[in-house]
Amino acid sequence: LAADGAVLFAVLNDSDASSDTDEGRCWVAALDARSFAPLVPPVELPGTVAARDAMVLSGDGACWIASRSPSAGFAFLHQLVRAGDRYEIRERQSYSGLSRGLVVAASSEGASVAVAIDRRVELWVDGKPGGGPILFDASISAMCWPGDALLVGEANRVHALAADRSERW
């Protein structure tokens with residue numbers, strides 16, 4: 001649900017074996033939150049979405065979606081933004097050789113997003129990858145970005161990272 005409460009985003013997966021590719025695909029629809037009527041045509045993305053936290057909204061209104069193609073070992077991060085009467089993909093990043101899906105957290109205060117790929121976290125500032133990855137000892141299982149600190153769940157530990165990448169606690 002968008003911050004203004006007017007738009008509800010929904011994902012429909014299609015893993016039809018008769019398609020041209022075995023990676024699956026999904027469609028993201030933007031619906032009127034009151035009537036559930038489509039606001040714009042859906043956007044087709046590669047891979048499927050399985051995790052409940054694979055779609056997040058950043059403070060600037062962008063919709064970030066992590067999709068995955070388990071059979072091919074690929075995962076994808078997509079940034080969807082409103083462009084007039086449709087949503088379009090502004091940024092897209094693919095990751096290969098993965099045994100698990102991506103974990104995504106968006107800043108509630110702007111256009112930044114964090115994506116966890118196994119044991120590393122990449123910070124995207126203003127919709128673009130920024131700096132090198134932040135490495136951890138174990139795989140990242142959860143993240144959230146409720147304000148000025150990114151909270152990262154790793155094994156039995158929680159880390160709080162500041163915008164400058166320093167560990168707050």
Side-chain angles (χ1 to χ4, degrees), residues 2 7-31 40-84 86-108 110-145 150-155 159 161 163 165:
V7 180
L8 176 68
F9 291 93
V11 175
L12 174 65
N13 287 322
D14 176 18
S15 54
D16 183 3
S18 66
S19 68
D20 294 338
T21 175
D22 66 348
E23 70 184 7
R25 59 186 171 188
C26 63
W27 288 270
V28 179
L31 308 172
V40 296
V43 177
E44 183 177 343
L45 302 173
T48 57
V49 175
R52 63 177 169 77
D53 56 352
M55 181 171 33
V56 296
L57 301 172
S58 54
D60 65 345
C63 180
W64 293 85
I65 299 160
S67 61
R68 184 169 178 242
S69 175
S71 62
F74 285 102
F76 309 92
L77 179 66
H78 316 274
Q79 180 193 30
L80 299 180
V81 295
R82 183 78 183 251
R86 62 189 172 90
Y87 275 85
E88 66 182 17
I89 300 167
R90 179 177 292 163
E91 292 293 331
R92 175 181 286 167
Q93 179 71 34
S94 61
Y95 301 91
S96 62
L98 301 180
S99 60
R100 57 190 301 169
L102 304 174
V103 178
V104 183
S107 170
S108 59
S112 297
V113 69
V115 58
I117 309 101
D118 293 326
R119 298 182 317 110
R120 71 182 194 268
V121 172
E122 293 180 0
L123 296 179
W124 289 51
V125 180
D126 295 325
K128 302 282 185 197
I134 302 166
L135 301 176
F136 292 89
D137 294 331
S139 294
I140 306 304
S141 57
M143 289 192 304
C144 68
W145 205 333
L150 171 66
L151 303 177
V152 179
E154 172 221 12
H159 305 271
L161 302 177
R165 301 166 156 262

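Residue numbers count from 1 along this sequence.
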Problem set entry | Residue list, side chain to side chain donor-acceptor pair (under 3.5 Å) with Y87, at least two apart or on another chain | none
For this session: Would you please name every residue forming a side-chain contact (heavy atoms from CB on, under 4.5 Å) with A142, sequence neighbours left out?
Result: none
For this session: Output all residues satisfying side chain to side chain donor-acceptor pair (under 3.5 Å) with R90, sequence neighbours left out; order by chain, then residue number.
Result: none
Exercise. Is a side-chain N or O of D14 found less than 3.5 angstrom from the main chain of R25, in a donor-acceptor match?
Worked result: no
For this session: Check side-chain contact (heavy atoms from CB on, under 4.5 Å) between R92 and all other residues, then give those that pass, not counting sequence neighbours.
Result: L45, P46, H78, I89
Problem set entry | Residue pair A75 / L98: nearest heavy atoms and the distance that separates them | CB-CD1, 3.4 Å
Exercise. How far apart are the closest heavy atoms of V103 and M143, and which atoms are they?
Worked result: O-CE, 3.2 Å
Could you go through residues 111-123 and list every donor-acceptor pair under 3.5 Å that involves a side-chain atom there, pairing it with any protein atom two or more places apart or in another chain?
{"unit_1": "R119", "atom_1": "NH1", "unit_2": "F136", "atom_2": "O", "d": "2.7"}
{"unit_1": "E122", "atom_1": "OE1", "unit_2": "Y95", "atom_2": "OH", "d": "2.9"}

For this session: Please determine which of V49, V104, L77 meets the side chain to side chain contact (heavy atoms under 4.5 Å, CB included) test together with I65.
Result: V49
For this session: For E154 and A138, work out which heavy atoms get closest and say how close.
Result: OE2-N, 2.9 Å
For this session: For residues 127-138, pull every pair meeting side-chain hydrogen bond (donor to acceptor under 3.5 Å, both in side chains), keeping only residues two or more places apart or in separate chains.
Result: E91-K128
Problem set entry | For Q93, all residues meeting side chain to side chain donor-acceptor pair (under 3.5 Å), sequence neighbours excluded | none
Problem set entry | Residues which pass side chain to side chain donor-acceptor pair (under 3.5 Å) with S108, listed by chain and number, not counting sequence neighbours | none
Exercise. Under the salt bridge (charged side-chain N to carboxylate O under 4.0 Å, His left out) rule, what pairs show up with a residue in residues 57-84, not counting sequence neighbours?
Worked result: none
Exercise. Minimum heavy-atom separation for N13 to C26, with atom names?
Worked result: OD1-CB, 3.4 Å
Seminar exercise, completed: Shortest non-hydrogen pair, S58 vs A106, comes out as CA-CB, 3.6 Å
Problem set entry | Residues in salt bridge (charged side-chain N to carboxylate O under 4.0 Å, His left out) contact with R86, at least two apart in sequence or another chain | E88
For this session: Just jot down the side-chain contact (heavy atoms from CB on, under 4.5 Å) partners of L57, sequence neighbours excluded, or say none.
Result: A2, F9, C63
Exercise. Looking only at heavy atoms, which two atoms of R100 and S139 are closest? And how far apart?
Worked result: NH1-CB, 3.0 Å
Exercise. Does any pair with a residue in residues 43-66 pass ring-ring contact (aromatic ring centres under 6.0 Å, His included), and if so which ones, sequence neighbours excluded?
Worked result: W64-W124
